[in-house]
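Below: one structure, written as C-alpha cells.
Values below: all heavy atoms of this structure, side chains included; hydrogens, waters and symmetry mates excluded.
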Amino acid sequence: MSLITGTFRSLRTHNFRVWSAGAIVSNIGTWMQRTAQDWLVLTQLTHNNATAVGVVMALQFGPQLLMLPWTGFVADHMDRRKLMIITQGLMGVQALSLGLLTVFGVVQLWEVYVFAFFFGCTSAFDAPARQVFVNDLVHEKDVPNAVGLNSTSFNAGRMIGPAAAGLTIAAVGTGWAFLFNGLSFMAVVISLFFLRVHEMHPAERPERKSGALADGFRYVAKRPDLVAMLAMVALVGTFGFNFAIFIATMAVSVFHVGAGKYGLLSSAMALGTLSGALLAANREKPTFTLLVGGTLMFGLACAAAALMPGYWLFAGTLVLGGIAAMTFANSSNTLMQLTTEPAMRGRVMAIRLAIMMGGTPIGAPIVGWVADHFGPRYSMGVAALSGVLAAGVGLYYLSKHENFRVYLRSGRLRVITGPEEDEASDPLRS
C-alpha cells in the first residue's frame with residue numbers, strides 16, 4: 001500500500017491539503033509561543049516559580065470549562081469555517097500584542113496572565129470547531145485518517161516549535177517567538193479562504209430549540225462509553241498533561257540546562273507524540289482496548305521519566321511518554337467523534353476539550369505546588385498515578401459493559417471483548 005493510499009490518504013482531498021498546509025505553520029507558531037511563554041514566566045518574570053507557570057496554564061485553559069456549553073453549541077450551529085476565520089485572526093492579534101510588549105522589555109507577569117486568559121477565551125470557541133472541522137473536509141470513511149493526520153500536524157508543530165523557540169530565545173529574545181506565532185495565524189486564515197466550499201461535506205446543522213445548550217450533557221449521560229472516556233480524560237488531562245511544568249522544572253531545577261536544551265526536551269516529547277499520531281493515522285479505527293493500553297503506558301512512562309538520573313535518559317523516556325500520550329489522546333478523540341451523531345459532535349467534543357483543558361486550572365497549580373515543595377520528580381509521579389487510575393476506569397467499563405476477559409492460551413496472553421461465544425469459537429483456544 002502506498003503512502004498516499006495508506007497513512008496519508010486524506011491528502012488526496014484538495015480541501016484537506018490546503019487546510020493542513022496552513023495548520024502546520026500555525027501549529028509551529030503555537031508551540032513556539034507556549035514554550036516561550038513558560039520560559040518567560042519561569043526565568044524572566046519569576047525566580048523559577050513553577051506555581052506561576054501553573055497559574056498561566058490555568059488562565060489559558062480554564063475558559064474551555066467556564067464557557068461550556070456555549071462553545072459546543074456554537075461549533076454545531078455556526079458555519080465552522082467563518083467562525084475559525086474570526087477566532088484565528090483574534091488569536092493572531094493577541095500574540096502580536098504580547099510579543100511587542102516583550103520585545104520592548106515592558107511586559108509584566110500580570111499582563112501575561114491577562115493575555116493567557118483572553119487567548120484561552122478565544123481558543124475555547126476555536127478548538128471544538130477546529131476538531132470537528134476535519135469531518136467537513138473529507139468523506140466519512142476517511143475521518144479516522146483525517147483526525148490522525150490532523151494530530152500529526154499538531155504534533156509536528158509540537159516537535160519543531162519548542163526547538164525553534166529555544167533557538168529564537170537564545171538568538172534574539174523571547175518576544176520574537178510570540179511575534180512569529182502572531183504571523184503564523186495568517187497561514188490558517190489564508191487556507192480557510194482558499195478552500196473549495198462547494199466540495200466540503202458539512203453535517204446538517206441541528207435545529208435551534210429550547211434546551212439545545214444542554215443537549216450535549218443529556219446525550220453523554222445516556223452513553224456509558226462516553227462517560228468512561230470523559231472520566232479518563234478528566235484524570236489524565238487534569239494531572240497528567242501538564243508537560244510545560246514537568247519539562248520546564250526538570251530542565252531548570254534538576255538538570256540545570258539553558259533554553260536550547262529545554263527546547264530539545266519539549267521536542268523529544270513531541271517526537272513521541274508525532275510517532276503516535278502517525279501510527280494513529282494508519283489505523284482503520286481505534287478500539288477502547290487500545291485506549292486503555294495507551295493510558296496505562298502513559299502512566300508507566302511518566303513513572304520511568306521521574307526516576308531517570310540523566311538528561312538524555314530523561315529525554316528518551318519523554319519519547320515513550322509522547323507515543324503513549326498521543327495514543328490516548330487520539331484514540332479518545334477519534335472514538336468519540338465516530339460514535340457520536342453528526343449533529344451532536346460539536347457539543348460532545350466541546351465537553352471533551354473542556355474537561356481535558358479545563359482540568360488544568362485544578363491540576364496545573366497543584367502539580368506546580370508539588371514541584372516547588374517536593375521536587376519535579378514527585379510532580380511527574382502525580383502524572384504517573386493519573387495514567388494508572390485512568391486505565392483502571394477504562395478496565396472497569398470494559399469488564400462491566402464489554403465482557404472484557406484476559407487469559408493465557410498456548411503460552412500467549414489473550415485479551416478479548418464481546419459475547420462469551422467469541423471465546424468458544426476462537427480457533428486458538430486450547
What residues, two or more places apart in sequence or in another chain, satisfy ring-ring contact (aromatic ring centres under 6.0 Å, His included) together with [X]?
X	answer
Phe314	Phe255
His139	His201
Phe117	none

Item to check | Asp142: salt bridge (charged side-chain N to carboxylate O under 4.0 Å, His left out) partners, not counting sequence neighbours | outcome: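 Salt bridge (charged side-chain N to carboxylate O under 4.0 Å, His left out) check on Asp142 returns Arg9.
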Checklist entry - What residue pairs, at least two apart or across chains, pass side-chain hydrogen bond (donor to acceptor under 3.5 Å, both in side chains) with a residue in residues 118-134? => result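 Only Thr87-Asp126, Gln88-Asp126, Gln94-Thr122, Asp126-Arg130, Gln131-Asn333 qualify under side-chain hydrogen bond (donor to acceptor under 3.5 Å, both in side chains).
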Checklist entry - In terms of ring plane angle, is the pair Phe73 and His77 parallel, tilted or perpendicular, where the classes change at 30° and 60°? => result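 Rings of Phe73 and His77: parallel, as their planes differ by under 30°.
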Checklist entry - So Tyr397 and Phe288, would you call those rings parallel, tilted or perpendicular, with 30° and 60° as cut-offs? => result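 Because their plane-to-plane angle lies in the 30° to 60° range, the rings of Tyr397 and Phe288 count as tilted.
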Checklist entry - Does Leu192 offer a backbone N or O that forms a donor-acceptor pair with the side chain of Arg81 under 3.5 Å? => result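 Judged by distance alone, yes, a pair lies under 3.5 Å.
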Going by side chain to side chain donor-acceptor pair (under 3.5 Å), name the residues that satisfy it together with [X], two or more places apart in sequence or in a different chain.
X	value
Thr13	none
Glu341	none
Arg223	Tyr219, Asp225, Thr339
Gln44	Thr174

Show me, pair by pair, the donor-acceptor contacts under 3.5 angstrom made by side chains of residues 95-105, not counting sequence neighbours?
| residue | atom | partner | partner atom | Å |
| --- | --- | --- | --- | --- |
| Ser97 | OG | Val93 | O | 2.9 |
| Thr102 | OG1 | Leu98 | O | 2.8 |

Next on the checklist: Which heavy atom of Met250 sits nearest to which heavy atom of Pro376, and what is that distance?
Outcome noted: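 Shortest heavy-atom contact: SD-CB, 3.5 Å.
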Item to check | Candidate list Val55, Val56, Asn49, test side-chain contact (heavy atoms from CB on, under 4.5 Å), partner Val41, passing option | outcome: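 One option only clears the test, and that one is Val56.
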Side-chain donor-acceptor pairs of residues 180-188 under 3.5 Å, sequence neighbours excluded:
| residue | atom | partner | partner atom | Å |
| --- | --- | --- | --- | --- |
| Asn181 | OD1 | Thr30 | N | 3.0 |
| Asn181 | OD1 | Ser184 | OG | 3.4 |
| Asn181 | ND2 | Gln33 | OE1 | 2.8 |
| Ser184 | OG | Asn181 | O | 2.7 |

Distance-only criterion, 3.5 Å: show the donor-acceptor pairs between side-chain atoms of residues 290-313 and protein atoms not counting sequence neighbours.
| residue | atom | partner | partner atom | Å |
| --- | --- | --- | --- | --- |
| Thr295 | OG1 | Leu291 | O | 2.7 |
| Tyr311 | OH | Lys261 | O | 2.6 |

